[in-house]
Amino acid sequence: MIDIKLQNLFEKSIKKCIKDGVFSIDSIPKLELATSKRPEHGDLATNIAMIIASRAKKKPIDIANAIVANLPEEKGLVKNVTVAAPGFINIVIDPALFLEQLREIYAAGEKYGVLDVGKGKKCQVEFVSANPTGPLHIGHGRGAVYGDVLGNIMKAAGYEVTKEYYVNDAGGQIRTLGRSIYLRFLETEGKKVAYPEECYQGDYIVDLARELSQTSRAKLFSLAEDDAIELCGEFAATKILGEIKRDLAETGVIHDLYFHENRLHTDAAIDRAIAELKNHGHIYEHEGALWFRSTAFGDDKDRVLKKSDGELTYFAADIAYHKNKFDRGFDRVIDIWGADHAGYVERMRAAVVAMGYQKESYGVVLIQLVNLMRAGEVVSMSTRSATYETLEDVRKYVGRDVCRYFFLMRSHNAQLDFDLELAKKETPENPVFYIQYAHARIASVFRKAKEAGVSTDLSKVDLAALDLPEEWQLARLVGDYPKVIQDCVATLEPHRLSFYLMELAKAFQGYYSRGRSDARYRIISNDPARTAAKLFLLKNCQIVLQNALKILGISAPEEMVREEDE
RNA sequence: GCGCCCAUAGCUCAGUGGAUAGAGUGUCUGCCUCCGGAGCAGAAGGUCGCAGGUUCGAAUCCUGCUGGGCGCGCCA
């Protein structure tokens, strides 16, 4: 809003400068406004004079001065404008304008921060997609929370989002799973078997074998070995997928759709996808196998779709799945993969482009791995015996909110050290509590106000009663929220929201705490107009805290309860 | 060997070409008669891995190094 108004003012001024012959350029550059880091640089700053200077071959400072001199007057917008070397234009906004924004926020309520940049386009976010052969580990957890929150952010930004989980329930891995179960079953029957290294080693395999045995012992003996293994595989995969879903649900991650790979096989979708590539001339045969010429689209080497033994590769199924995605009408398809799949990106992109879909509509986000730590020591992830290895164990140990926040407080393309002992600490070192505390404190003030019989009717508030710099600052900060959402969408980086929340919480705590020593800062006073205005400001802070926490999938408690008090 | 990611305060990390590089934590010093001290204010702490280059301006972009992580199958 403010941006647009300023854009207009500057455009007018620049046009006048051109007309007056101060400088000459072909087109007017877009006005970039940055929030100033230092108070003496005003609220906003623009570098437009320097941009123009480089094009017009003039001194930036002269251009800045000319632009400022020609800025039209507009009441209630700009309070002051100054020029600083080498050519910055610093703008002080009328504080009343930030305060006015509060009314919009209050009116929008939980809709505040909902944007239309997505314009209702259909967006699919695929994440987790772990094979149903074992429990989710902490790395899956990071991808799960990232994908969930990215989906929430895209939704808030105006996309129509589908969160999806691709289930690899066909092929070799499920057969191996079935064999693992079957062999463990034989063991429980007292048979001596050699348990191969490539089979799944976890204890859960034994548990599943026992469980299946209870209902289907006779059947397993009556079937031919291959059929028995298939039965074991189906049983275990279904069971494990159920566990994964429950695990995700408890982490606050809900997918809209579980897409089963099996479907692609039963309705010949893979054949159709290969045919599609063939029509475009990107398929050839070599040494009895069927190849996709992915090198034509920037991949390192061509890839096999059908092996010489006649079996399809997983890549073939993945291509069919992605064809399916685009055929369902998604304008944007975002895959979220672990960093260990980086080598897979180029071939998938190649396939998407080769089938004739827009390159820009497809994106892959790689999530770097997680190092699980305990009090500074790395907890081994390779040994199955390690205690806190699964997502479930970690979540149960630290709690859902902390678990999610730790995954969200870091850029996804940096590795994450997840320290269990640090996450477990409830006091200052743990930002999630600090943010929640800000929310709870506001709730507490409202309870107090009610007790004291203060009117909490916020429909008519005199904003002029907010006359402290910290109050303008807070108003400005909550006004930044939609921009933060926009940035998160543009960069696909939800951690920016976490950092914003921290900043907002800090600004609020600082403001609130001054009330201890300075009566002007106390929220509830015997001045009804000031009290109402301050409550209104707090309410707006609370709205933003709530909306942002909701996107992150973290609770916004009305009060904080210490664990030892429970 | 090739590809991708990372390197910023003691530690963990922000910083999508802008001004004197910021938080949290740790260390040190203060602060409460009163709305929640899980708090607040302040101080100290930096050759932004190294070397070049592009630019009015580089932690940010380009090139080459160094160090760490991941990946390079007719595996999944």
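Reminder, nothing fancy here: chain letters follow the sequence lines and each chain counts from 1. Note that the structure is predicted; figures quoted are calculated from it, not measured. Computed from heavy atoms alone, side chains included, the values below leave out hydrogens, waters and symmetry copies.
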Side-chain atoms of residues 339-350 of chain A: list all donor-acceptor pairs with protein atoms under 3.5 Å, sequence neighbours left out, distances to 0.1 Å.
unit_1, atom_1, unit_2, atom_2, d
Y344(A), OH, D318(A), OD2, 3.0
R347(A), NH2, G343(A), O, 3.3

Return a table of donor-acceptor pairs under 3.5 angstrom between the side chains of residues 30-38 of chain A and protein atoms on other chains or two or more places apart.
unit_1, atom_1, unit_2, atom_2, d
S36(A), OG, H41(A), O, 2.9
S36(A), OG, G42(A), O, 3.2

Show the atom names and distances, to 0.1 Å, of all donor-acceptor pairs under 3.5 Å that link a side chain in residues 289-296 of chain A to residues at least two apart or in another chain.
unit_1, atom_1, unit_2, atom_2, d
W291(A), NE1, H286(A), O, 3.2
S294(A), OG, D299(A), OD2, 2.9
S294(A), OG, K301(A), O, 2.8
T295(A), OG1, D302(A), OD1, 2.6

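Here H41(A) packs flat against the base of A19(B); its ring centre is closer than 5.5 angstrom to the base's six-membered ring, tilted by less than 30 degrees. We find that the ring of F499(A) and the base of A14(B) do not stack by the test of centres under 5.5 angstrom and planes tilted less than 30°.
Partners of D271(A) according to the side chain to side chain contact (heavy atoms under 4.5 Å, CB included) rule, which considers only residues two or more places apart in sequence or in another chain, are A268(A). Under the side chain to side chain donor-acceptor pair (under 3.5 Å) criterion, E470(A) pairs with R514(A), Y521(A), not counting sequence neighbours. Applying the side chain to side chain contact (heavy atoms under 4.5 Å, CB included) test to C488(A) and every residue at least two apart in sequence or in another chain returns I153(A), V484(A), R496(A), L497(A). Partners of K448(A) by salt bridge (charged side-chain N to carboxylate O under 4.0 Å, His left out), not counting sequence neighbours: none found. Not a single side chain to side chain donor-acceptor pair (under 3.5 Å) links N526(A) to another residue, sequence neighbours left out. Remark: N65(A) pairs with no residue by the side chain to side chain donor-acceptor pair (under 3.5 Å) rule, at least two apart or across chains.
For S308(A) against C74(B), a side-chain N or O and a base N or O form a donor-acceptor pair under 3.5 Å. For R38(A) against U20(B), a side-chain-to-base donor-acceptor contact under 3.5 Å is present. Checked by distance alone, N47(A) brings a side-chain donor or acceptor within 3.5 Å of a matching partner on the base of G18(B). If you check distances only, the side chain of N90(A) does reach the base of A19(B) with a donor-acceptor pair under 3.5 Å.
Secondary structure note: stems in RNA chain B built from 3 or more consecutive Watson-Crick or G-U wobble pairs under 3.5 Å occupy B:1-7 with B:66-72, B:10-13 with B:22-25, B:27-31 with B:39-43, B:49-53 with B:61-65.
Across residues 282-290 of chain A, H286(A), E287(A), A289(A) each have a non-hydrogen atom less than 4.0 Å from an atom of RNA chain B (numbered order).
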Point to revise | Worked check of side chain to side chain contact (heavy atoms under 4.5 Å, CB included) between I67(A) and F10(A) | key: CA-CA 7 Å; I67(A) 291 174; F10(A) 274 80; 3.7 Å; yes
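Across L545(A), I551(A), I554(A), a single residue satisfies side chain to side chain contact (heavy atoms under 4.5 Å, CB included) together with L501(A), and that is L545(A).
Between the C1' atoms of U25(B) and G39(B), the separation comes to 16 Å (whole Å). Comparing the P positions of G26(B) and G67(B) gives an interatomic distance of 35 Å, to the nearest angstrom. Between U27(B) and A19(B), the two C1' atoms lie 31 Å apart (nearest whole Å).
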Enumerate all atom pairs, one protein N or O and one N or O from nucleotides 6-11 of chain B, separated by less than 3.5 Å.
none

